[in-house]
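What follows is a set of notes on a single structure, which appears directly below.
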Amino acid sequence: MSLRRSSAAALAALLALAVLLGTSADDGGQGQPIVARVSKDASTSLYTIAIKVGGVPLLVDLAGPMLWLANCPTPHRIIPCVSHDCDDVSTTYRPPGCPKPNLRGDGPCACPAYPRNPVDGRCRSDDATTITLAANAMDGQNPLYLVTFRAVGSCAPGELLESLPAGAAGVAGLSRLPLSLPTQFASLLKVANEFALCLPSGGDGVAVFGGGPFQLLAAPPVELAERLRENPLPLLKHPYNGGYYFGITGIAVNQQRVPTPDGVFDLDAGSGTGGAVFSTVTPYTALRWDIYWPLRNAFDVATSGIARADKVAPFDLCYQASALTVTRVGYAVASIELMLDGGRNWTLPGASSLVQVNDNTVCFAFVQMASSMPAAIDSPAVILGGHQMENNLLMFDLVKETFAFSGLLLGIRTTCSNFNFTMGSSY
Ligand SMILES: *[C@@H]1O[C@H](CO)[C@@H](O)[C@H](O)[C@H]1NC(C)=O
Ligand SMILES: *[C@@H]1O[C@H](CO)[C@@H](O)[C@H](O)[C@H]1NC(C)=O
């Protein structure tokens, strides 16, 4: 049995090699997309992706510039200072205050990189290197066969892992910059430079790199990618970082627009301040005070009939769980709408707007942004966090510079934990 399995694995590896070799560099998008499990860490409420050999998890950082791995072996492969890859490494964002590299007296010049912990903001300098990744090719419904490849990333000292989920070996940066995972996949695997992210609220969610169809189990199973690609919204460019910024024109509670001052949601293209950005390292959506308070107060009024409970940090508005009724899309409360470009709305029903914090208490799942939040470079106005992204399929197209969202999947009777990870048959 295990012999059969290993010869099957060898065949799969050959097939994978054939896919890699059989596609010329300039015919774009001939390779097979790849799929990886995304898990939620219960104690930090952060997400990891199983993309390393052996399924070792890396923290998912949507705004992260590159890939880094703690505790590289000695010796490890270095990247020469004079090389195309080193040009890419040095053009990625170098966080202010990051220590300068120790220059070595002997040997070839090793390209320095600046791995940063996106949760607590600490940054170090270390060697750029190549990191071996492994993930399954997929056909839109199932994983097919294992593909391994080397991506450019950085080593990092082990201490940089503090504050990440236990067991995480580093960070997978998914930003719009040249060394992010989706961009490297696109060139290594000859697939489209787009990816889909479906964050779970528990169990295993899923990430897909390289386009193609995307099916979740439901009764009957649903293909979601095609319709989403037909309804994209523009991403906005931040002047200094590779985050996924998008336009918000207002927020409504129960179809009533929340009064906010003019221009509060705008991204200042010069200074990079303001705007709305997706973040997988911010567990709950964080709003600048001039957006948080109007929304919180409008929600307070719209839910005035529901018995309150003592506040549980970091939340400011909590309810008695027993006073709430549960529907298919979470607790029955006033819905919140994020009003986006082109008159589109992203509706946040109870499952997205509230969170159960203990047996008796459910809280309004938004926080006021701290003025010096380390997760937030350049102070956005809205950081759309993990809880509000959970059980939504999000698709990002790095070439067209667009994104698309499914809305809460519970509404169509499925979740991000319904990807069928059973190996399919590959021909
Ligand atoms: C979006 O939400 C606003 C506020 O609730 C509402 O006025 C508007 O009609 C909605 N637009 C669509 C297309 O549903
Ligand atoms: C999951 O995929 C496998 C392989 O294609 C298939 O045999 C199985 O029926 C699928 N599971 C469900 C619940 O559809």
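Note that ligands are numbered from 1 as they come in the structure, with each ligand's atoms numbered from 1 the same way. We're numbering straight along the sequence, starting at 1.
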Check ligand 2 for N or O atoms under 3.5 Å from a protein N or O and list each pair with its distance.
residue  : atom   : partner : partner atom : Å
ligand 2 : 2 (O)  : Asn142  : ND2          : 2.9
ligand 2 : 2 (O)  : Asn420  : OD1          : 3.4
ligand 2 : 2 (O)  : Asn420  : ND2          : 2.3
ligand 2 : 5 (O)  : Asn142  : OD1          : 2.9
ligand 2 : 11 (N) : Asn420  : ND2          : 2.9

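- Interface atoms of ligand 1 facing Gly343, defined by a heavy-atom separation under 4.0 Å, are 11 (N), 12 (C), 13 (C).
- By the neighbour-count criterion of 12 heavy atoms within 6.0 Å, atom CZ of Arg413 is sparsely surrounded, having that number or fewer from other residues, nucleotides or ligands.
- Residue pairs meeting the disulfide (SG to SG under 2.5 Å) criterion with at least one member in residues 151-211, sequence neighbours excluded, are Cys72-Cys155, Cys198-Cys416.
- Taking a cut-off of under 4.0 Å to the non-hydrogen atoms of Ala252, the atoms of ligand 1 that pass are 4 (C), 5 (O).
- The residues Arg308 and Asp300 are annotated as salt-bridged, a charged nitrogen and a carboxylate oxygen being separated by less than 4.0 angstrom.
- Judged by the 6.0 Å and 45° rule, Arg296 forms no cation-pi pair with Phe366.
- Here Glu337 has side-chain heavy atoms under 4.0 Å from ligand 1, and that is the only part of it that gets that close.
- Side-chain atoms of Asn142 and Thr422 form no donor-acceptor pair, as typed in the model, at a separation below 3.5 Å.
- Tyr244 and Phe195 have perpendicular rings, their planes meeting at more than 60° on a 0 to 90° scale where under 30° would count as parallel.
- We find that Glu337 and Arg257 are not joined by a salt bridge, their nearest charged nitrogen and carboxylate oxygen being 4.0 Å or further apart.
- Remark: ligand 1 and Gln256 share no N or O pair separated by less than 3.5 Å (distance only, no angle test).
- For the ring pair (Phe, Tyr, Trp, His ring centres under 6.0 Å) test with Phe364, the passing option among Tyr331, Phe315, Tyr319, Phe299 is Phe299; the others fail.
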